[in-house]
Amino acid sequence: MAYWLLKTEPESFGIEHLAALPRRTASWDGVRNYQARNFLRDDVRRGDLAFLYHSSCAVPGIAGTVKVVRAAYADASAFDPRDPHHDPASDPAAPRWYTIDVQLQRRLPRLITLEELRAHERGKLRGLTLLQRGNRLSVMPLTSDHWRFILSLA
DNA sequence: GCCAACGTTGGC
DNA sequence: GCCAACGTTGGC
């Protein structure tokens with residue numbers, strides 16, 4: 001099993017939104033970055049676990065964990081001209097973008113803030129992609145050691 | 001294939 | 001709102 005971190009902006013779609021959905025499950029669509037797409041399409045497996053990270057907000061941090069309940073399939077939002085993530089270059093016969101389904105597994109008892117993660121940047125969380133300079137990836141892998149350590153902070 | 005210009009991300 | 005960092009685009 002692999003571990004991931006998924007970024008989302010809580011003002012548009014955060015853990016509260018996910019928790020309110022039927023079966024607490026959502027399609028993780030709208031990813032429009034090739035490196036993130038490659039992770040989704042090629043490496044994320046059903047059964048993998050991921051942190052749900054809140055970005056672009058007052059206090060960025062990890063809010064909970066989700067389980068991958070469906071592996072990659074074509075991201076239909078790219079085909080919809082009215083969708084903000086519409087991409088006319090994505091052909092339904094050869095989709096450019098992919099999505100996965102995730103189910104909320106656990107809301108952490110408190111937000112593990114970016115500031116707190118940074119406190120371990122040179123220690124237990126050395127090498128964590130999220131903390132690397134200029135990192136903008138919205139889907140990134142993390143090691144099982146990092147996964148367990150971050151959970152131990154909660 | 002180079003690289004300047006531009007758009008986006010995301011912490012602060 | 002600012003701005004550093006990064007990815008993408010497109011002229012050449």
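Hydrogens, waters and symmetry mates play no part in the numbers below; they use all other heavy atoms, side chains included. Small disclaimer: the values here were computed from a predicted structure and weren't measured. Residue numbers start from 1 in every chain, and the chains themselves are labelled A, B, ... in the order their sequence lines are given, proteins ahead of strands.
Helix bend of the helix from dG1(B)-dC12(C) to dC12(B)-dG1(C): the angle between its two end axes, each built from five pairs, comes to 10° after rounding to 10°.
Aromatic ring centroids of Trp4(A) and Phe39(A) lie under 6.0 Å apart.
Atoms CG (Leu131(A)) and P (dA5(C)) sit 16 Å apart, rounded to a whole Å. Protein atom CG of Asn33(A) is 6 Å distant from nucleotide atom P of dT8(C), rounded to whole Å. With rounding to whole Å, Arg37(A) atom CZ is found 15 Å from dG7(C) atom P. Spacing between atom CD of Glu9(A) and atom C1' of dT9(B) amounts to 8 Å, rounded to whole angstrom units. When the P atom of dG11(B) is taken as reference, atom OH of Tyr53(A) falls 4 Å away, rounded to whole Å. To the nearest angstrom, P of dG10(B) lies 11 Å from CG of Leu114(A). Rounded to a whole Å, the CG atom of Asn135(A) is 13 Å from the P atom of dT9(B). Distance Gln35(A) CD to dC6(C) C1': 11 Å, rounded to the nearest Å.
Proximity of Lys7(A) to the phosphate of dT9(B): no side-chain N or O atom is located under 4.0 Å from OP1 or OP2. Of the side-chain N and O atoms in Arg133(A), none sit less than 4.0 angstrom from OP1 or OP2 of dA4(C). For Tyr34(A) and dC6(C), the shortest distance from a side-chain N or O to OP1 or OP2 is not below 4.0 Å.
Remark: nothing in residues 79-89 of chain A comes within less than 4.0 Å of DNA chain C through any heavy atom.
A salt bridge does not link Glu115(A) to Arg118(A): none of the charged side-chain nitrogens sits closer than 4.0 Å to a carboxylate oxygen. Electrostatic pairing of Asp87(A) and Arg32(A) does not count as a salt bridge here, judged by no charged N lying under 4.0 Å from a carboxylate O.
In terms of modelled atom types and a separation under 3.5 Å, the side chain of Asn135(A) and the main chain of Gln132(A) share no donor-acceptor contact.
Taking every heavy atom of both residues into account, Thr65(A) and Leu104(A) meet most closely at O-CD1, 3.6 Å. The minimum heavy-atom distance between Glu121(A) and Leu131(A), with the atom names listed, is OE2-O, 3.5 Å.
Ring geometry for Phe13(A) against Trp28(A) counts as perpendicular: the plane angle is over 60°, on a 0 to 90° scale with 30° as the lower cut.
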